[in-house]
Protein chains: 2
Amino acid sequence: MYTESIENYLKTIYEIQKESEKVTTNSISEKLGVAPASVTSMMKKLSEKKLITHKRYQGVKLTGPGKKIALEVIRHHRLVELYLAEALGVPWDQVHDEAEKWEHVLSEDLEDRMDKVLGYPTRDPHGSPIPSRDGTVIELESIPLVELQPGQSGVIAEVSDHDPDLLRYVGKMGLYPMTKIEVLSVEPFSGPITIKVEDASHILGSEAAQYVFVSDVEGERGEAS
Amino acid sequence: MYTESIENYLKTIYEIQKESEKVTTNSISEKLGVAPASVTSMMKKLSEKKLITHKRYQGVKLTGPGKKIALEVIRHHRLVELYLAEALGVPWDQVHDEAEKWEHVLSEDLEDRMDKVLGYPTRDPHGSPIPSRDGTVIELESIPLVELQPGQSGVIAEVSDHDPDLLRYVGKMGLYPMTKIEVLSVEPFSGPITIKVEDASHILGSEAAQYVFVSDVEGERGEAS
DNA sequence: ATCAATTTTTAGCCTTGCCTAAAAATAGTG
DNA sequence: CACTATTTTTAGGCAAGGCTAAAAATTGAT
Ligand SMILES: [Mn+2]
Ligand SMILES: [Mn+2]
Ligand SMILES: [Mn+2]
Ligand SMILES: [Mn+2]
């Protein structure tokens with residue numbers, strides 16, 4: 001068992017690695033809310049434990065064992081999120097913060113029990129994949145809603161879960177994973193996007209639309225109106 | 001919010017206070033598994049925070065605020081124990097260790113949700129009272145099973161939950177809270193006790209019988225056979 | 001009442017994980 | 001290619017919560 005701090009660093013490195021190629025001291029520092037100097041000293045410790053490789057001034061990479069731990073923590077986090085939502089009715093904008101604490105105290109036994117109660121799920125309430133016990137992650141191919149053109153349609157794949165306000169905002173218009181949507185119009189200059197959800201139309205700011213991801217995109221690219 | 005360490009100290013002091021009158025440095029040290037010197041320095045800190053009163057070489061006492069926190073932690077612990085048993089099917093000999101970790105990360109919101117799902121329960125899986133949100137504890141009057149005489153009957157009120165082996169042992173003969181039992185015979189010199197549970201008779205060692213508590217005791221005191 | 005055993009406290013040290021300020025390395029720009 | 005801005009690392013500290021060993025206070029037994 002590693003400390004809560006180590007688990008958080010590894011998880012953070014994994015998450016940055018997934019979208020930035022290079023994992024820098026500063027990026028970890030920002031995402032984790034600690035000083036860069038603190039990151040450097042933790043990187044030294046993680047290197048000694050062979051959980052990452054670190055070349056001075058070059059960024060870090062997870063080793064096999066390091067990645068395994070990161071995925072275990074993420075599995076815990078997402079299973080707990082889904083469990084809280086399903087079994088205890090916690091709204092989807094609140095599950096993240098709770099899971100942030102629970103992920104570190106969940107035993108393997110309880111992990112299995114939750115997994116079973118939930119029917120061996122593969123997605124958390126925000127659409128993110130739940131890594132399997134052996135560390136397999138099935139990423140869904142998706143693009144930000146903001147990139148869709150009028151006339152195109154698709155299915156909500158995932159919504160970023162780090163801002164509760166965003167989740168409440170897009171939740172109000174029913175933009176949950178698996179929901180079918182169609183883009184009706186897109187205003188120029190990063191203007192608002194009109195979409196159809198469940199036969200109702202909604203207007204969505206372009207910034208929010210950057211954090212909503214769509215899969216199974218269909219339809220020809222209409223011109224921006 | 002106090003640290004996990006402080007919460008554990010306060011809970012421990014409360015538990016010792018309930019059965020020993022005097023809460024000594026050594027008793028805390030033993031129950032918590034830390035050195036006596038560590039207890040002394042924590043007592044100093046808790047005194048400064050007005051959570052306990054401490055007279056050098058005399059023992060400690062919880063203040064009002066200190067007791068309130070202790071009861072909150074105990075409420076969390078017992079609610080979680082019951083939740084794990086009911087909702088996730090965790091055996092009663094395993095819930096304690098899990099709850100020991102969860103009690104510190106349970107938000108008030110989740111506490112309320114669990115409470116509701118469980119139907120506002122008053123007893124944990126081992127029969128211990130779950131303090132109400134305002135800090136009321138309804139202790140059940142009970143005596144150790146080992147003190148019953150042949151011919152006497154009663155209802156299992158509570159079983160000590162700190163030894164998983166004991167719980168498995170008495171669980172095998174059905175000695176769960178609310179179960180009706182009758183003492184058939186008691187061997188002298190701290191010998192085994194024969195009891196009837198659900199029309200089956202079982203033999204129970206006297207040491208185990210010290211940790212099983214019985215309420216609603218009826219029947220005249222027969223002589224020890 | 002005295003002295004020995006026990007309990008409690010003090011003193012000093014350690015590890016973890018964080019911080020700030022200063023130094024060193026790297027990257028970008030004319 | 002030099003020089004500045006940025007990034008990263010080093011150096012030195014701090015608080016929390018442990019530990020051991022030694023000193024002090026209390027208790028108990030003759
Ligand atoms: Mn976390
Ligand atoms: Mn999520
Ligand atoms: Mn605990
Ligand atoms: Mn219990």
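Chain letters run A, B, ... following the sequence lines, proteins first and then strands; every chain starts at 1. Everything numeric here is computed off the predicted structure, so don't read it as measured data.
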Output yes when a side-chain donor or acceptor of A:Arg75 lies under 3.5 Å from a complementary backbone atom of A:Gly135, and no otherwise. no
Does the B:Ser206 side chain pair with the main chain of B:Pro192, one donor and one acceptor, at a distance under 3.5 Å? no
Nearest-Å distance for atom pair [atom1]/[atom2], residues [X] and [N]:
{"X": "A:Ile52", "N": "D:dT8", "atom1": "CD1", "atom2": "C1'", "result": "14 Å"}
{"X": "A:Lys55", "N": "D:dT8", "atom1": "NZ", "atom2": "P", "result": "15 Å"}
{"X": "A:Met43", "N": "D:dT10", "atom1": "CE", "atom2": "P", "result": "13 Å"}
{"X": "B:Leu32", "N": "D:dC19", "atom1": "CG", "atom2": "C1'", "result": "15 Å"}

Counting only side-chain N and O atoms of A:His54, is one of them less than 4.0 Å from OP1 or OP2 of D:dT9? yes
OP1, OP2 of C:dT6 versus side-chain N and O of B:Asn26: anything below 4.0 Å? no
Stepwise side chain to side chain donor-acceptor pair (under 3.5 Å) check, A:Ser132 with A:Asp134: CA-CA 5 Å; A:Ser132 68; A:Asp134 60 28; 2.6 Å; yes
B:Arg113 with B:Asp109: basic N within carboxylate O range, under 4.0 Å: yes
Could you tell me whether A:Lys68 and A:Glu72 have a side-chain N and a carboxylate O separated by less than 4.0 Å? yes
Protein heavy-atom contacts under 4.0 Å, written 5' to 3' over nucleotides 10-26 of chain C as B (base), S (sugar-phosphate only) or - (none), form the string B-----SSSBBB--BSS
Taking the six-membered ring for Trp and the full ring for Phe, Tyr or His, determine whether the centres of A:Trp92 and A:His126 are under 6.0 Å apart. yes
